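Reviewing the structure listed below.
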There are 2 protein chains.
Amino acid sequence: MNYSRQRESIKEYLMSTREHPTAEVIYQHVREEYPKISLGTVYRNLTLLVDLGEVKKISTGDGTEHYDGDTSAHSHYYCRCCHRIFDVEVTPSIDQILAASSVGLGTVEQAALLFTGVCKDCINNDNNV
Amino acid sequence: MNYSRQRESIKEYLMSTREHPTAEVIYQHVREEYPKISLGTVYRNLTLLVDLGEVKKISTGDGTEHYDGDTSAHSHYYCRCCHRIFDVEVTPSIDQILAASSVGLGTVEQAALLFTGVCKDCINNDNNV
DNA sequence: ATAAAAATAATAATAATTACTATTTTTATA
DNA sequence: TATAAAAATAGTAATTATTATTATTTTTAT
C-alpha cells in the first residue's frame, strides 16, 4: 500500500475531531485542503482505514454510516433527532463486557454498544418527539 | 391506524423466526402468502412496527438493515462473512448495563450491544479471512 | 531519471430505501 | 347490509448512499 496525502488528510481529520462524521461530512472537510478530492476516494480510504483498524465505523441505522478516529474501547450515544453521536463511558466498560462475554458462536473481533435517545439539546429546542 | 393483513403477516413471520431477516427476505417470505404484496409495503410496515416498538431494527453496517421480532432485551452476534445474526445472552445483561449506565446526555430509549466476528460455520467452511 | 505499482478524479452503475398515486381495503355509521 | 370516509396497498418512479470503472496522476523502488 502506498502513501497518499488524501488518506492522511482523512485520517488526520478523524483523529482531530470529537464528532463522528459521515463520509459526506468528511468529504466536505477534506475538500478545503484538497479541492479536487472525489467522494469515491473518501469512501475507498475509509473502507481501507476501517480494515486496517485505524478507524471505526459506527452504524446507527439512520441511513448513513458514521466514522470515528478514536479506536480506543468506548461506547456511543446516538441522538435520533439531530443524528449526532457522542462518546460515553459505561460501567462495566465495553472491553470488560467483551472479556466477560463468552459468546461461543465464533471469533469475536469487536463489540459495539450503542445507546439511542433524544439528546438534551434536542429536548430543549423542542426538536424531540 | 387500521388493521392490515400484510402487516400481520410480516409481524407473524418476524415473531416465528429466530433469524434476523432483511426487508428483502421478509418480502420473499410474505409473498408466499400474499403474492401481490409490494416491497414498499414491507418497508412501510417495518418502519411502522419499529416505531410502535413491536419490532426491532438491527444495524450491522453490512449495507442493509435486519429486523427482529423478539423485543426482549438481548444482544446480538454478527458474522461478517455469512452476514447472519445470532442472539446472545451476555453478562451483565443489556438491561443491567442500561440500568447501570447514567449516560447523562439525554433520554435513553434503547441500548444495543453487537458483537462482530466470524462464526463457527464460516471458520469450518474456510469462508473466513 | 524512470518505470512499475498504486492511487486518484471523474463518472457511471448499483442497491437499498423512500415517495407518489390510482386503486383497494378497512371501518365506522346509517 | 349499504355506504362513504379514512387508511392501506400495489405498482412504479425517484432518491440517496455506496461501489465499480477507467484514464490519468502520484508514489516509490531502482
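Chain naming here is simple, since letters A, B, ... match the order of the sequence lines and numbering starts at 1 in each. Keep in mind it's a predicted model, so treat the numbers as computed, not measured.
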Write down the distance between [atom1] ([X]) and [atom2] ([N]), rounded to a whole number of angstrom.
{"X": "A/K36", "N": "D/dT24", "atom1": "NZ", "atom2": "C1'", "value": "11 Å"}
{"X": "A/Y67", "N": "D/dA17", "atom1": "OH", "atom2": "P", "value": "12 Å"}
{"X": "B/E65", "N": "D/dT16", "atom1": "CD", "atom2": "P", "value": "18 Å"}
{"X": "A/M1", "N": "D/dA29", "atom1": "CE", "atom2": "P", "value": "13 Å"}

Open item on the list: If you assign each of B/Q6 and A/Q6 to its closest nucleotide in DNA chain C, which residue comes earlier from the 5' end?
Closed with: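 Looking at DNA chain C, the more 5' nearest nucleotide goes with A/Q6.
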Open item on the list: Taking ring-ring contact (aromatic ring centres under 6.0 Å, His included) as the definition, give me every residue that meets it alongside A/H20, ordered by chain and number, with sequence neighbours left out.
Closed with: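 A/H20 satisfies ring-ring contact (aromatic ring centres under 6.0 Å, His included) with A/H76 only.
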Open item on the list: With a 3.5 Å distance limit and no angle check, can you tell me whether B/T47 reaches the backbone of B/Y43 through a side-chain donor-acceptor pair?
Closed with: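 Yes.
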Open item on the list: Quick check against the 3.5 Å criterion: does B/R7 have a side-chain atom that pairs as donor or acceptor with the backbone of B/N2?
Closed with: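 The answer is yes, because a donor-acceptor pair under 3.5 Å joins these two groups.
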Do [X] and [Y] have side-chain heavy atoms sitting under 4.5 Å apart?
{"X": "A/V103", "Y": "B/F86", "answer": "no"}
{"X": "A/M1", "Y": "A/L52", "answer": "yes"}
{"X": "A/L113", "Y": "A/V88", "answer": "no"}
{"X": "A/I26", "Y": "A/L14", "answer": "yes"}
{"X": "B/T41", "Y": "B/Y27", "answer": "no"}

Open item on the list: Of all nucleotides in DNA chain C that come within under 4.0 Å of a heavy atom of chain B, which is furthest toward the 5' end and which toward the 3' end?
Closed with: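 Footprint of chain B along DNA chain C, 5' to 3': C/dA16 to C/dT27.
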Open item on the list: Just to be sure I understand the geometry, which residues of residues 7-34 of chain A put a non-hydrogen atom under 4.0 Å away from DNA chain D?
Closed with: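 Nothing qualifies; none.
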Task: Residue-level proximity of residues 41-59 of chain B to DNA chain D when a heavy atom falls under 4.0 Å - done: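 The stretch gives B/T41, B/R44, B/N45 as the residues lying under 4.0 Å from the strand, ordered by number.
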- [ ] For the residue pair A/Y78 and A/H66, categorise the inter-ring angle as parallel (less than 30°), tilted (30 to 60°) or perpendicular (more than 60°).
- [x]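 Correct class here is perpendicular.
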TODO: Compute the angle between the rotation axes at the two ends of the helix from C/dA1-D/dT30 to C/dA30-D/dT1, each taken over five pairs, rounded to 10 degrees.
DONE: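 Rounded to the nearest 10 degrees, the bend comes out at 30°.
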Open item on the list: So, using side chain to side chain contact (heavy atoms under 4.5 Å, CB included) as the criterion, who are the partners of B/V25 when residues are at least two apart?
Closed with: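 Only B/Y13, B/P21, B/T22 meet the side chain to side chain contact (heavy atoms under 4.5 Å, CB included) criterion with B/V25.
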Open item on the list: Less than 3.5 Å apart, any donor N or O on the side chain of B/E54 or B/T71 sitting next to an acceptor on the other?
Closed with: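 No, no side-chain donor-acceptor contact under 3.5 Å.
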Task: Over 12 non-hydrogen atoms of neighbours within 6.0 angstrom of CD in A/Q110 - done: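 Correct, the count exceeds 12.
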Task: Most 5' of B/I37 and A/S4 on DNA chain D, judged by nearest nucleotide - done: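 The 5'-side residue here is B/I37.
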TODO: Enter the distance from A/L49:CG to A/K11:NZ here, rounded to the nearest 0.5 Å.
DONE: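 If I round to the nearest 0.5 Å, the distance is 6.5 Å.
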